[in-house]
Structure formats: structure tokens, C-alpha cells
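Reckoned from all heavy atoms, side chains included, excluding hydrogens, waters and symmetry mates. Predicted, not measured: the structure shown is a model, and the values here were computed from it.
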Amino acid sequence: MTNDECLLCLRTAALDAADPGWLTRTGHWGVSSHPAMAAPGWIAAQTLRHTEGLGALNDAETAELGPLLARLCAAVTRVTGSGRVYTYSLGEGCPHTHILLGPPRRDVRGAAFVTGLLRRDESLADVEGALRIAGELADELTR
């Protein structure tokens, strides 16, 4: 797959140019709102170069990933007040290394919540709430 065929590589270029774009960025990872679902508190960490799975990461990408995920989970916890932060990475629909993470809802948790996200269940979407929390997360991540 080439960078001009990969949806997340194309999204990287768009977020680089957007204002606002990334919620935060490191040397090798970019973090944005969930790319396919406006679920409040759900974000995506993706490699800035095209990689296809965790096994394809170089040493620098690998070294940044653990601390970045810990920082993101802590920020999501502080901003949303959630006692849990779920993470998942499948790479089936888009074979670019990305990890999705965020809180469950109080009324929908566990497998039911993740299944709803994967199915793009509109009852989990809240565009206004997702934008507000994304702004709060961006502020939290710049501290």
C-alpha cells in the first residue's frame, strides 16, 4: 500500500494542515479525535509514517508508544472522569498502525460498547460532546 492509498496517511496530511488538527504530536505519533466515530473522549494514536502493525514499528516509534499511551490514558481519565479507558487496535479496515482509546459510557460498557463502536452505532455518537472533550484533551496534553 502506498501513502496516497492509505486513509490514515491521507488523514495525517490533512491534520498537519488543519487548525486545529492534532490533539498532540510526538516525533513519531499523532493523536487526533476518533477518525470514524464522534464518541466523546475517544481518540486515535497513529504513526506519522506508514506502518502496518506493531511489528513494523522502528525502535524510535516503539520507544515513544508506551509513554504516549500512558499519558493519553491519564489525560482521558482526568478529562472524562472515567475509571476505565479502553484500548483496541485491529488494522483490518485500515492497515495503518493506529490505536483507538477512550472511556466507556456509564450505561454501555465492555463488549457491548466496543461492539457498538466497531459497528458505528450512532447511539454512541455525540458530535458536540466529542468536540468539547477533544478540546479539553488537547489542553490537558499541552500541559
Side-chain angles (χ1 to χ4, degrees), residues 1-80 82-105 108-143:
M1 174 172 287
T2 64
N3 290 4
D4 58 346
E5 295 173 330
C6 173
L7 293 176
L8 288 184
C9 286
L10 295 171
R11 189 166 191 267
T12 295
L15 288 169
D16 283 345
D19 182 24
W22 299 108
L23 301 178
T24 193
R25 210 177 134 152
T26 68
H28 302 283
W29 293 86
V31 179
S32 64
S33 296
H34 190 300
M37 183 80 174
W42 275 81
I43 57 178
Q46 70 178 72
T47 52
L48 295 176
R49 75 177 178 100
H50 184 75
T51 59
E52 294 189 14
L54 296 174
L57 300 181
N58 63 32
D59 290 345
E61 291 159 339
T62 301
E64 283 186 2
L65 181 57
L68 176 63
L69 289 177
R71 188 171 158 231
L72 295 175
C73 288
V76 168
T77 297
R78 283 191 298 273
V79 168
T80 67
S82 179
R84 291 257 181 245
V85 176
Y86 296 167
T87 61
Y88 74 94
S89 179
L90 302 175
E92 290 295 326
C94 181
H96 181 115
T97 307
H98 63 289
I99 298 148
L100 299 158
L101 60 114
R105 284 192 355 195
V108 184
R109 305 182 67 82
F113 183 85
V114 174
T115 299
L117 275 179
L118 292 171
R119 290 185 177 160
R120 309 290 186 253
D121 180 342
E122 286 300 316
S123 72
L124 299 177
D126 173 359
V127 174
E128 197 172 292
L131 287 172
R132 180 182 49 79
I133 290 175
E136 292 175 24
L137 284 169
D139 290 345
E140 180 73 22
L141 292 165
T142 58
R143 293 180 196 173

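Across P40 and I133, no two heavy atoms sit closer than the pair CB-CD1, 3.7 Å. Residue P104 comes nearest to R109 through the heavy atom pair CG-NH1, 3.5 Å, listed as atom of the first residue, atom of the second, then distance. The two atoms that bring C73 and T87 nearest to each other are SG-CG2, 4.4 Å, heavy atoms only. The minimum heavy-atom distance linking G41 with L137 is given by the pair O-CD1, 4.3 Å. In plain terms, the two heavy atoms of A134 and L23 that are nearest each other are O-CD2, 3.5 Å. The two residues L141 and A75 come nearest to each other via the heavy atoms CD2-CB, 3.7 Å.
Every side chain to side chain donor-acceptor pair (under 3.5 Å) that S123 has, sequence neighbours left out, goes to D121. Qualifying salt bridge (charged side-chain N to carboxylate O under 4.0 Å, His left out) partners for R71, counting only residues two or more places apart in sequence or in other chains: none. With sequence neighbours excluded, the residues forming a ring-ring contact (aromatic ring centres under 6.0 Å, His included) with H96 are H50, listed by chain and number.
Residue pairs satisfying the salt bridge (charged side-chain N to carboxylate O under 4.0 Å, His left out) criterion with at least one member in residues 128-143, sequence neighbours excluded, are listed as follows: R78-E140, R132-E136, E140-R143. Sorted by first and then second residue, the side chain to side chain donor-acceptor pair (under 3.5 Å) pairs with a member in residues 26-42 read R11-S32, T26-E64; sequence neighbours excluded.
Using a 4.5 Å heavy-atom cutoff, the side chains of S82 and V76 are not in contact. Between S89 and T97 the shortest side-chain heavy-atom distance does not fall below 4.5 Å. A heavy-atom distance below 4.5 Å is found between the side chains of L69 and I99.
Here the CZ atom belonging to R49 is positioned 12.0 Å from the SG atom belonging to C6, to the nearest 0.5 angstrom. The structure places CG of L10 at 11.0 Å from CG of L15, a figure rounded to the nearest 0.5 Å. Interatomic distance, CG of L72 versus CD1 of I43, reported as 4.5 Å (0.5 Å rounding). Once rounded to the nearest 0.5 Å, the distance linking OG1 of T47 with CG of L8 reads 8.0 Å.
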All N/O donor-acceptor pairs, side-chain side in residues 53-60, below 3.5 Å, sequence neighbours left out:
unit_1 : atom_1 : unit_2 : atom_2 : d
N58    : OD1    : A60    : N      : 3.1
N58    : OD1    : E61    : N      : 2.8

Step by step, work out the side-chain contact (heavy atoms from CB on, under 4.5 Å) result for L118 and Y88. CA-CA 10 Å; L118 292 171; Y88 74 94; 3.6 Å; yes
Worked check of side-chain contact (heavy atoms from CB on, under 4.5 Å) between V31 and L68: CA-CA 9 Å; V31 179; L68 176 63; 4.2 Å; yes
